[in-house]
Amino acid sequence: MAASSAKRRHKVRRRADMSLLGGIRPPIAVLSALLLSLAGITAVGFGRAGEESVPKAVMTSQQHFAEDGAVAMRASIDESAADLARTAGLFNAGDPAQPDAVVDKIGSVYQKWVGTAVVEISSGKMLAARGENVPVAAIDTSKLSEKDGLSPRMVRLANGETRLLSLQLLSWKGQPQQLLIASSSLRFPGISLGKFRSIAVIDSTGRILSSDGIPESEQVLTEDQRTGVERSKKQLSAFAKVAAKRAKEHPLKANDPGEGGYLGVSGSLRGDTFQGDRAIAGYAALTGPEPGKGTVATSLGLTVVAMVDVAEDPTRVTDPLFGLLAAGALLLIGALAVGVLLGTVQRPLLRLFLESRRLTRDDLTRPVSVPRFGEAARIGQALERLRRQLLGERDDAEGAGGPKSGRRGRIGARALLAVSGILLLVWSAPMLLLLNRADATAVVPEQITNDQRERTDTLSDRVRRSLNEGHADLVSVAGLLGERTSPEDMTKVLDRTRSDHSRYRSLYVRTGDGKIVAQSGESPRLPEDRKSENKDGHPFADPITVLNDSGTEPVIASYAELPGRDGSTVIGEFRIDFINSLLKRPGLGEIRVVDAERRVLGGNTGYLAFEKLPSARLTELAAGTSQKTGISARAGGIVYRDGGGVQVAGAAPFVGGGAAKSLNWMVVSWQPAAGLAIPEYSLQNRTVLAGLLGITAAAACLGWLHIIVVRPLREVAKQAEALADGDRRTVLYPRHHDEVGAISRSLELLRQQVLEQRKRDGAGATAPAAAVRAPAGRN
């Protein structure tokens, strides 16, 4: 039995001699390493929060501006191609029309083309033309039947300008086939440039096809201005070469993470300085509205480049002293916290580990060195009592009147961990909540405010043009629905129109007395008993209007009168989702379309229809912007500062002609400056990040230490006291192969030694009594 016990003790000792992979050392070592790393990051990182004289927010804003231009250009080209194709299809579906009537009809409905022409394909004869001369000679009519023979193509004129030619066939039975050609310039529709900005369209080689914003040399007065114009042209050409090269990259490789929102290749560029101004540019390649879906415009290989001069501020550089002081404070506090863990938790535990191993090796001569605090003190007292019991000495606790646990440390290991955590919190909490708050000192660059205003103005014009395009579609459809068109044929035309354009939820033909004779899409929302609102008998007063003033969704409708049908009209009801999709532009924050009464009709985020703007100051901005300055109202931008932080806002009313002019709508946008990459907020974000990292490191390592060491140590302390108080039946099992587990194994060996000692003492006491009784029996 003794040999078996010795064998078990030898096995447990060998396991205790194994290298300790877990235990108390790794959490403290990892905490020390994390604090050192955080101190280094703090010392180095804070000095870089404002190193660049042009903030990153300004660079990103130019990227978004170029993306807006690319979206507008792509939408314009695709819309023109779709309109021409649909118009040609409607003509082909009806009776043969005269070439002059075709170009006149197109010119009266759409004003987007600079020139139109109809050519007889077989002979090449010009049958009709309107506007500027169309470069017909650039089209090889013999290749029209080939694949992509009718695809749009770019033609460079003798004066250096570029024209985009769109082609469609006009075919009627029994007549020679004709080619309908529409020529358009590559200028941007409705892009608000503001001051000192230029924009250009380039091809895949970097050649500038069209530009705007840079005056010609003869248009300026002074020599300095002419020098600036020549410098701007050279800088724009240099940007164009770089942008064309980068536009060939894959979008995922070209765009930085976190700057999503645009499906194609986009970015920003930094140029040279001139008279204290730095030229910066954004570029964006034309891409489809959906991932992996190409369009007519994307096949042309065009890229948009937007350039602006920004005044540099070389003084806007963060002082690195704060980072050095913060790093030094972290090293001091971290060293104190780690010192608390080493001196009050790790060293006492390692001493107990060695003392418990010494007792298991029958080295009982020296008293146990009892730690001063917590569970380690309780275990040390229990080990000392077990040592005395193995020596056969009287246990002081038992002599005092029964089993009692020894003197307990008033401060436990959990309290010591809490002290270390509080020390680290002293550094992390101010970094997280108090230091480098930017709301009171943030300087929003003027270019950011200008871009907010101009991009909002561009978005407002885009919504207005889309509504005008929808009305123009209805006018085109109404012109083709003659007096003899049957309801069945009307329905076919409406179905084709709705399938070509996603803007309509419903299309229908309504007679003067309110009867619907043809319909496509969802059920009409215009009541049949609705009376005419004007003297001509039309269903509502303006070509485009909102049919309701309450409910969950505004009903926006447009109409066009059918000629010769006694007040019949074709009515289109727009999908509100179509309008909302136009507003989804990154870098503008929250966007709302509001009517003349400042009620919300659409937005890029969640909203309630017909609600007011979320704040009185936005309402005031909208009201002030709607006031006419000169001929018309102008877009406005402003920076607000109040208790809620700093906010950049812009508002732009509908300005321009078309059917949507009478709506008097406007687009309002706003975003918190805290989301912009400007130096003050970059410094604040880095400060908050440092505080979060400090709290995370402390919570992770101290939590690790509590789970792996402190909780098992508290359980071992209870078991050790129970063993010293006389509990010999409870077997002690280690939870982990670490210092606490080794102490638990040592206590188990001591329990076995105490049991063996009692057995030996009991056997020794029984033998003499038997010897005395045996002789008495023989007498």
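In this chain, numbering begins with 1 at the start of the sequence shown. Computed from a predicted structure; not experimentally measured.
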K.L.:
Partners of Ser669 by side chain to side chain donor-acceptor pair (under 3.5 Å), sequence neighbours excluded?
P.N.:
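Applying side chain to side chain donor-acceptor pair (under 3.5 Å) to Ser669 gives Gln452, Thr456.
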K.L.:
Among residues at least two apart in sequence or on other chains, which ones pass side-chain contact (heavy atoms from CB on, under 4.5 Å) with Ser37?
P.N.:
none
K.L.:
Quick one: side chain to side chain donor-acceptor pair (under 3.5 Å) partners of Arg414, sequence neighbours excluded?
P.N.:
none
K.L.:
Return the set of residues passing side-chain contact (heavy atoms from CB on, under 4.5 Å) with Val242 (not counting sequence neighbours), or none when no residue passes.
P.N.:
Arg246, Leu269
K.L.:
Mind checking salt bridge (Lys or Arg N to Asp or Glu O under 4.0 Å) for Arg585 and listing every partner two or more places apart, or none if nothing turns up?
P.N.:
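With sequence neighbours excluded, Arg585 shows a salt bridge (Lys or Arg N to Asp or Glu O under 4.0 Å) to Glu67, Asp68, given in chain and number order.
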K.L.:
Within the structure provided, determine whether Thr287 and Tyr262 are in side-chain contact (heavy-atom separation under 4.5 Å).
P.N.:
yes
K.L.:
Sequence neighbours excluded, which residues qualify as salt bridge (Lys or Arg N to Asp or Glu O under 4.0 Å) partners of Arg617?
P.N.:
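Testing Arg617 for salt bridge (Lys or Arg N to Asp or Glu O under 4.0 Å), a comparison that skips the adjacent residues, returns Asp642.
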K.L.:
Got a sec, which residues hit side chain to side chain donor-acceptor pair (under 3.5 Å) with Ser369, two or more places apart in sequence or on another chain?
P.N.:
none
K.L.:
Pairs under 3.5 angstrom only: tabulate donor-acceptor contacts from the side chains of residues 334-342 to other protein residues two or more places apart or in another chain.
P.N.:
none

K.L.:
For residues 687-704, pull every pair meeting side-chain hydrogen bond (donor to acceptor under 3.5 Å, both in side chains), keeping only residues two or more places apart or in separate chains.
P.N.:
Asn436-Thr687
K.L.:
Determine which pairs satisfy side-chain hydrogen bond (donor to acceptor under 3.5 Å, both in side chains) with at least one residue from residues 325-347, sequence neighbours left out, and list them in order.
P.N.:
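Qualifying pairs, neighbours excluded: none.
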K.L.:
Under the side-chain contact (heavy atoms from CB on, under 4.5 Å) rule, collect the residues that match up with Glu446, sequence neighbours excluded.
P.N.:
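Testing Glu446 for side-chain contact (heavy atoms from CB on, under 4.5 Å), a comparison that skips the adjacent residues, returns Asn450.
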K.L.:
The criterion is side-chain contact (heavy atoms from CB on, under 4.5 Å); which residues satisfy it with Leu390, sequence neighbours excluded?
P.N.:
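Residues passing side-chain contact (heavy atoms from CB on, under 4.5 Å) with Leu390: Leu364, Leu750, Gln753, Val754, Gln757.
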